[in-house]
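Here the structure comes first, spelled out in structure tokens, and everything after it is commentary.
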Amino acid sequence: MKSKKWIIAIVFLFLAQLTIAQPKPIDDKEFFKDDRIIEMKLSTDIKGLLAEKKDMNFVGATVSFKFKDGTVAEGPVKVRPRGNFRKAQCRLASLMIDFKNPASPAFSKFGTIKMVGGCGFTASNEQYLLKEYLVYKMYNMLTDLSFRVRLIHVNYFDTKAKVKSYDQYAFLIEDVDDLAKRHKFQEKENTRYSPIGMRREESTLFFLFQYMIGNTDWSIPFYHNVKLLVDKKDTMSMPYPIAYDFDISGLVNPPYGSPPPELGIEHLTQRLYRGYERSMDEIELAVKPFLEKEE
């Protein structure tokens with residue numbers, strides 16, 4: 001009888017130790033509020049990602065985050081290349097990371113998140129990446145209706161030892177569903193809108209921001225580099241346009257980018273206003289947050 005009690009006690013002690021050993025799940029909401037850089041290690045078939053970028057399915061990988069306080073979160077995930085233009089022009093620019101895995105309890109609150117990296121392996125590629133990251137942060141300063149981002153320093157490790165390990169800055173982008181939840185909105189898809197069909201004040205700021213950074217690489221009717229959000233309580237209301245993907249902008253000005261010839265400009269750094277017509281009163285109102293944040 002005593003031996004059974006000892007066995008039960010040991011089992012409970014073992015289970016308690018397992019519970020203590022489990023990493024605390026990362027708070028996905030607080031995660032993107034923090035500006036401190038995360039050290040990240042990504043272990044996967046890097047050569048496979050470089051070679052098979054078209055319509056590639058998710059492949060297994062391991063990710064570890066080392067935070068500034070010394071804590072580490074790690075576990076198995078899945079990754080695949082993303083971004084049609086970047087897949088064609090870059091070596092390994094952007095990835096989609098699927099964190100949903102019971103074996104990765106630290107990432108249990110995460111879903112599928114975009115990671116943006118440098119277009120190549122050089123220092124100049126990293127600078128273009130950092131510029132794009134700063135565009136997102138500028139957008140955050142003007143409106144909370146924007147994607148939050150988190151800067152990371154990534155060590156890429158090829159599990160098949162075909163590609164030499166390298167490290168580079170990158171950044172993670174908040175999931176659109178999380179952005180929508182913050183405002184009690186939901187994403188609107190598969191409905192054709194024109195710029196005139198957007199909420200006026202928010203779309204005016206959207207148009208001016210794109211003009212300021214010299215970005216013509218977007219289209220509301222075709223959902224190109226634009227997400228549309230609507231009020232959950234009124235899904236037929238005019239949507240809010242949310243901009244993302246700023247690498248082909250004049251502010252970033254990467255060597256692989258050029259404006260479409262039909263726009264009538266030769267360089268990304270030439271400004272072209274692609275928004276809808278607005279009165280001077282509307283423009284002056286929309287310009288206020290830009291002037292307030294000018295410094």
Side-chain angles (χ1 to χ4, degrees), residues 32 35 83 85 114 116 128-149 171 173-174 176 178-180 182-185 187-189 191-231 237-254 257-295:
F32 284 102
D35 283 334
F85 184 86
K114 297 175 182 177
V116 181
Y128 297 125
L129 176 282
L130 292 172
K131 285 183 180 180
E132 185 180 6
Y133 166 78
L134 289 176
V135 175
Y136 278 93
K137 300 301 286 185
M138 290 164 61
Y139 198 25
N140 293 158
M141 292 175 70
L142 294 170
T143 174
D144 196 39
L145 277 168
S146 55
F147 284 100
R148 292 172 177 171
V149 290
F171 61 87
I173 305 178
E174 175 185 32
V176 65
D178 291 332
L179 167 58
R182 284 198 280 119
H183 299 279
K184 297 182 180 178
F185 293 162
E187 184 180 6
K188 188 77 171 183
E189 298 179 282
T191 300
R192 185 65 66 89
Y193 291 96
S194 71
I196 196 174
M198 303 290 102
R199 294 181 66 92
R200 287 188 75 91
E201 285 188 22
E202 291 78 12
S203 60
T204 304
L205 186 144
F206 172 99
F207 299 148
L208 290 179
F209 182 76
Q210 301 281 31
Y211 178 72
M212 181 184 72
I213 65 171
N215 189 30
T216 58
D217 187 31
W218 58 272
S219 169
I220 287 174
F222 294 99
Y223 288 80
H224 179 57
N225 294 338
V226 180
K227 294 291 185 182
L228 302 181
L229 302 182
V230 293
D231 193 318
S237 61
M238 286 185 171
Y240 298 81
I242 316 294
Y244 70 99
D245 271 10
F246 304 113
D247 62 318
I248 311 296
S249 66
L251 195 153
V252 178
N253 198 25
S258 60
E262 60 267 24
L263 294 181
I265 56 176
E266 297 180 359
H267 308 288
L268 294 178
T269 50
Q270 290 178 259
R271 295 299 190 276
L272 175 68
Y273 179 75
R274 295 193 62 213
Y276 197 74
E277 186 177 297
R278 291 291 188 261
S279 69
M280 280 309 299
D281 287 342
E282 288 177 297
I283 293 293
E284 288 173 2
L285 180 64
V287 162
K288 280 186 178 181
F290 291 84
L291 298 179
E292 290 169 359
K293 303 292 184 181
E294 185 176 7
E295 287 299 324

Test ring pair (Phe, Tyr, Trp, His ring centres under 6.0 Å) applied to F171 and F32, Y136, Y244, F147, the passing residue: Y136

Within 6.0 angstrom of E277 CD, more than 12 heavy atoms from elsewhere: no

Nearest-0.5 Å distance, CZ of residue R192 to OH of residue Y223: 8.5 Å

Set of side-chain contact (heavy atoms from CB on, under 4.5 Å) partners for L134, sequence neighbours left out: none

Listed partners of F209 passing ring-ring contact (aromatic ring centres under 6.0 Å, His included), at least two apart: Y139, F246

Listed partners of D247 passing salt bridge (charged side-chain N to carboxylate O under 4.0 Å, His left out), at least two apart: R86

Qualifying side-chain hydrogen bond (donor to acceptor under 3.5 Å, both in side chains) pairs, either residue in residues 283-295, two or more places apart: none

Partners passing side-chain hydrogen bond (donor to acceptor under 3.5 Å, both in side chains) against S203 (at least two apart in sequence or in another chain): R278

Heavy-atom side-chain proximity of E202 to T143 below 4.5 angstrom: no

Note, R200 side chain near M238 side chain (heavy atom, < 4.5 Å): no

side-chain contact (heavy atoms from CB on, under 4.5 Å) between I242 and V226, worked out: CA-CA 6 Å; I242 316 294; V226 180; 5.9 Å; no

Under-4.0 Å salt bridge between E174 and R182: yes

Residues which pass side-chain hydrogen bond (donor to acceptor under 3.5 Å, both in side chains) with N225, listed by chain and number, not counting sequence neighbours: D217

Any residue meeting ring-ring contact (aromatic ring centres under 6.0 Å, His included) with F185, in chain and number order, not counting sequence neighbours: H183, Y240

Residues in salt bridge (charged side-chain N to carboxylate O under 4.0 Å, His left out) contact with E201, at least two apart in sequence or another chain: none

Separation of L272 CG from N215 CG (nearest 0.5 Å): 11.0 Å

Salt bridge present between D35 and K137 (N-O < 4.0 angstrom): yes

Nearest heavy atoms of N140 and S146, plus distance in Å: ND2-OG, 2.8 Å

Step-by-step side-chain contact (heavy atoms from CB on, under 4.5 Å) determination, Y133 to I173: CA-CA 10 Å; Y133 166 78; I173 305 178; over 6 Å; no

Non-neighbouring partners of K114 that pass salt bridge (charged side-chain N to carboxylate O under 4.0 Å, His left out), sequence neighbours left out: none

Exercise: identify the closest heavy-atom pair between T204 and A286: CG2-CB, 3.5 Å

Min side-chain heavy-atom separation Q210-T216 under 4.5 Å: no

W218 side, atom CH2; D245 side, atom CG - distance, nearest 0.5 Å: 14.5 Å

Distance-only polar pair, side chains of D231 and S237, donor-acceptor under 3.5 Å: no

Pairwise side-chain contact, I248 with P254, heavy-atom cut-off 4.5 Å (strictly under): yes

Heavy-atom closest contact (K131 atom, L251 atom, distance): CD-O, 3.7 Å

Verdict with reasoning, F207 to R274, per side-chain contact (heavy atoms from CB on, under 4.5 Å): CA-CA 7 Å; F207 299 148; R274 295 193 62 213; over 6 Å; no

Taking every non-hydrogen atom, the tightest pair across P221 and S194: CG-CA, 4.3 Å

CA sep, side-chain torsions, deciding dist, call: L228, E189, side-chain contact (heavy atoms from CB on, under 4.5 Å): CA-CA 7 Å; L228 302 181; E189 298 179 282; over 6 Å; no

Short side-chain to backbone donor-acceptor contact, Q270 and E266, under 3.5 Å: yes

Inter-residue atom distance L179.CG - R148.CZ, 0.5 Å rounding: 8.5 Å

Within 6.0 angstrom of Y276 OH, more than 12 heavy atoms from elsewhere: no

Partners passing ring-ring contact (aromatic ring centres under 6.0 Å, His included) against H267 (at least two apart in sequence or in another chain): none

Contacts of type side-chain hydrogen bond (donor to acceptor under 3.5 Å, both in side chains), residue S279, not counting sequence neighbours: E282

Partners passing ring-ring contact (aromatic ring centres under 6.0 Å, His included) against Y193 (at least two apart in sequence or in another chain): none

Over all atoms of both residues, closest heavy-atom pair of L205 and P289: CD1-CG, 4.0 Å

